[in-house]
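Input: a single structure, listed below in structure tokens.
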Amino acid sequence: MEVEENTAVLVAIGSPKGQQETDEHLDELAFLAETSGIKTVNRVIQNLAHPDPRTFLGKGKLDEVKNFVLSNKVKNVIFDEDLSPSQLRNLERTFNAKEQEDLKVRVYDRSLLILDIFLWRAQTAQARTQVELAMNQYLLPRLTRMWTHLERQRGGTGTRGGAGEKEIETDRRNIKFRISLLKEQLEKIEKQRATQRKGRSNVVRVALVGYTNVGKSTLMNLLSGSGVLAENKLFATVDSTVRKVVFGNIPFLLSDTVGFIRKLPHHLIESFKSTLDEVREADLLLHVVDLAHPFHDNQIEVVSKTLGEIGAANIPTILVLNKIDLYREKFPEANLEEMRGYYRQHGYADVIFVSALGNENITALKQLIFERVKERHLQIFPNFLKDSYEFSPWPTETT
Ligand SMILES: Nc1nc2c(ncn2[C@@H]2O[C@H](COP(=O)(O)OP(=O)(O)OP(=O)(O)O)[C@@H](O)[C@H]2O)c(=O)[nH]1
Ligand SMILES: [Mg+2]
């Protein structure tokens with residue numbers, strides 16, 4: 001039997017900053033869709049200062065998209081923005097002719113797509129509970145035929161079809177109950193985690209942070225010798241991992257956690273608060289950047305803003321400019337020292353260029369981390385002999 005392809009049309013608003021940025025937003029959305037197993041077949045840009053309050057797209061564009069979707073049997077229409085519950089409903093109606101049938105064309109907004117990916121990716125009890133909570137909170141005001149979507153997530157067949165008002169009311173009550181249950185479960189898990197963290201208060205804590213897909217987990221594996229999943233997908237990591245690392249004779253804890261992205265759904269940040277404690281309570285942040293990404297400065301901005309939102313803005317930070325191998329391929333003439341100066345001017349005192357994949361300049365990175373960890377370690381244990389701390393990098397370099 002031939003497997004039908006899961007296809008999508010993407011819709012974005014034209015960025016006031018110009019075509020290049022709009023394209024970049026659409027590229028990222030296509031990558032998110034791809035991570036979700038959906039292939040992009042068309043991209044639509046709506047140049048509107050104010051999206052239509054009923055259908056997001058204006059009448060002409062909406063007809064255009066509908067014709068394309070119907071004649072090409074496209075399965076999903078994915079919006080780069082968040083849709084209001086009524087916009088979502090109206091759009092579902094527009095793309096699905098018959099009211100009573102199960103949805104043939106699914107409408108996603110950005111939050112739903114990201115939540116979907118998180119739901120598939122979360123492994124630990126904590127992450128699963130957090131994502132499910134965020135998903136339920138997202139769905140509650142949108143309960144109509146969307147319920148079938150939730151059913152699908154839970155492994156249901158998704159054939160339930162158009163629910164009546166009465167059923168929807170029951171569903172709504174169930175979801176509310178589920179939300180309070182999940183909150184209780186999360187509280188319990190958080191209490192355990194808080195106790196664990198207290199036990200570690202005498203150890204320096206370092207956290208890898210950064211935009212999604214920049215190489216955090218690859219670095220985690222290099223620095224700690226652990227086997228965290230790293231791959232060319234968005235949000236490969238949703239759970240957080242903490243490993244004990246010893247450089248010289250100084251131990252510290254290194255954590256790898258969920259990456260950030262532009263417009264991360266509000267419910268997700270809320271429900272991931274306890275996972276992000278790992279970041280908030282760190283003594284040192286390694287802010288990893290994909291230097292080869294054309295919009296890496298925008299990504300740095302998104303990350304610093306998100307760090308501010310979770311109360312981690314003032315933690316000492318090493319800016320780790322990663323994927324230098326790819327960057328050099330693209331810009332062989334680039335002046336890295338000039339670039340270092342640029343980031344120093346923007347408040348990053350520690351700037352280092354590495355290639356995690358090529359194992360390049362990793363010894364220098366280890367040395368820098370060692371210096372910063374040592375400073376903090378000596379604050380916690382002022383009586384320790386300073387001289388006894390020597391870090392001799394082991395030969396891991398390829399260049
Ligand atoms: N060329 C190149 N690729 C790299 C480098 N570091 C990581 N990658 C690749 O970038 C992709 C993402 O790496 P990850 O380590 O999974 O990135 P992450 O930041 O943990 O991503 P998420 O967990 O999805 O947020 C993988 O395909 C890596 O092999 C590098 O220095 N150079
Ligand atoms: Mg990762």
Side-chain angles (χ1 to χ4, degrees), residues 3 5-8 10 12 20-21 23-41 43 76 78 80 108 110 113-124 127 131 207-241 243 254-265 268 286-300 302-303 306 319-331 353-362 365 398:
V3 181
E5 237 180 349
N6 201 5
T7 50
L10 308 184
Q20 213 191 358
E21 186 156 281
D23 285 343
E24 165 50 24
H25 289 175
L26 281 163
D27 284 346
E28 184 176 88
L29 193 65
F31 199 178
L32 280 167
E34 188 189 316
T35 297
S36 230
I38 300 171
K39 188 181 163 219
T40 298
V41 290
R43 299 168 167 217
N76 307 278
I78 304 178
D80 194 39
Y108 280 86
R110 190 177 168 88
L113 186 60
I114 293 176
L115 282 164
D116 221 15
I117 294 173
F118 270 61
L119 210 56
W120 290 117
R121 293 264 164 185
Q123 302 276 336
T124 59
V131 181
L208 286 154
V209 295
Y211 210 77
T212 180
N213 206 42
V214 294
K216 298 178 295 299
S217 298
T218 310
L219 266 175
M220 173 77 173
N221 291 335
L222 266 186
L223 298 174
S224 73
S226 59
V228 176
L229 173 77
E231 56 180 336
N232 192 22
K233 292 218 164 129
L234 299 184
F235 301 110
T237 311
V238 165
D239 309 88
S240 63
T241 310
R243 291 275 180 277
L254 181 65
S255 72
D256 176 26
T257 187
V258 55
F260 299 152
I261 197 166
R262 196 171 61 85
K263 293 196 276 181
L264 199 58
L268 263 183
L286 307 180
H287 180 166
V288 186
V289 177
D290 176 354
L291 197 58
H293 194 284
F295 283 86
H296 58 257
D297 276 343
N298 285 3
Q299 299 190 338
I300 291 178
V302 168
V303 172
T306 314
L319 195 65
V320 184
L321 301 170
N322 188 34
K323 306 202 187 179
I324 187 72
D325 54 319
L326 274 185
Y327 183 75
R328 237 193 262 109
E329 250 172 53
K330 280 189 182 169
F331 307 102
F353 298 91
V354 301
S355 164
L357 201 65
N359 200 353
E360 199 184 322
N361 218 21
I362 298 301
L365 173 62
T398 54

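These figures come from a predicted structure and were not determined experimentally. We use all heavy atoms of the structure for the numbers below, so side chains are in, but hydrogens, waters and symmetry mates are not.
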Donor-acceptor contact present, side-chain [X] to main-chain [Y], <3.5 Å:
| X | Y | result |
| --- | --- | --- |
| Asn322 | Val214 | yes |
| Thr212 | Ile261 | no |
| Asp239 | Thr124 | yes |

Are Asp80 and Arg262 ion-paired here, with the side-chain N under 4.0 Å from a carboxylate O?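 Between Arg262 and Asp80 there is a salt bridge, with a charged N closer than 4.0 Å to a carboxylate O.
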Suppose we screen for side chain to side chain donor-acceptor pair (under 3.5 Å). Which residues come up paired with Thr237, at least two apart in sequence or across chains?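 Once residues adjacent in sequence are excluded, the partners of Thr237 under the side chain to side chain donor-acceptor pair (under 3.5 Å) criterion are Ser217.
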Nearest non-hydrogen partners of [X] and [Y], listed with the distance:
| X | Y | value |
| --- | --- | --- |
| Ala127 | Val238 | CB-CG1, 4.3 Å |
| Leu223 | Leu286 | CD1-CD1, 4.0 Å |
| Val303 | Gly210 | CG2-C, 3.7 Å |
| Leu222 | Ala356 | CD1-O, 3.3 Å |
| Gly215 | Val288 | C-CG1, 4.4 Å |
| Ile117 | Leu234 | CG2-O, 4.1 Å |

Taking side chain as C-beta onward, heavy atoms only, is [X] less than 4.5 Å from [Y]?
| X | Y | answer |
| --- | --- | --- |
| Arg328 | Glu360 | yes |
| Thr257 | Met220 | no |
| Leu219 | Ile362 | yes |
| Arg110 | Glu28 | yes |

Measure the [atom1]-[atom2] distance between [X] and [Y] for me, rounded to the nearest 0.5 Å.
| X | Y | atom1 | atom2 | answer |
| --- | --- | --- | --- | --- |
| Leu264 | Ile114 | CG | CD1 | 6.0 Å |
| Leu113 | Tyr108 | CG | OH | 7.0 Å |
| Gln299 | Asn213 | CD | CG | 9.0 Å |
| Asp290 | Ile324 | CG | CD1 | 11.0 Å |
| Asp256 | Leu254 | CG | CG | 7.5 Å |
| Ser240 | Leu208 | OG | CG | 11.5 Å |

For [X], enumerate each residue passing the ring pair (Phe, Tyr, Trp, His ring centres under 6.0 Å) test, keeping only those at least two apart in sequence or located in another chain.
| X | result |
| --- | --- |
| Phe331 | Tyr327 |
| Tyr211 | none |
| Phe235 | Phe118 |

Examine the side chains of Asn298 and Glu24 and answer whether a donor and an acceptor come within less than 3.5 Å of each other.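 There is no such pair between these side chains.
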Please list all pairs passing the salt bridge (charged side-chain N to carboxylate O under 4.0 Å, His left out) test where one or both residues lie in residues 217-232, with sequence neighbours left out.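 Listed once each, the pairs are Arg121-Glu231.
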Inter- and intrachain pairs under salt bridge (charged side-chain N to carboxylate O under 4.0 Å, His left out), touching residues 213-230, at least two apart: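 Those involving residues 213-230 do not exist here.
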More than 12 heavy atoms of other groups within 6.0 Å of Lys263 NZ: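 Yes, NZ of Lys263 has more than 12 neighbouring heavy atoms, counting only those of other groups under 6.0 Å.
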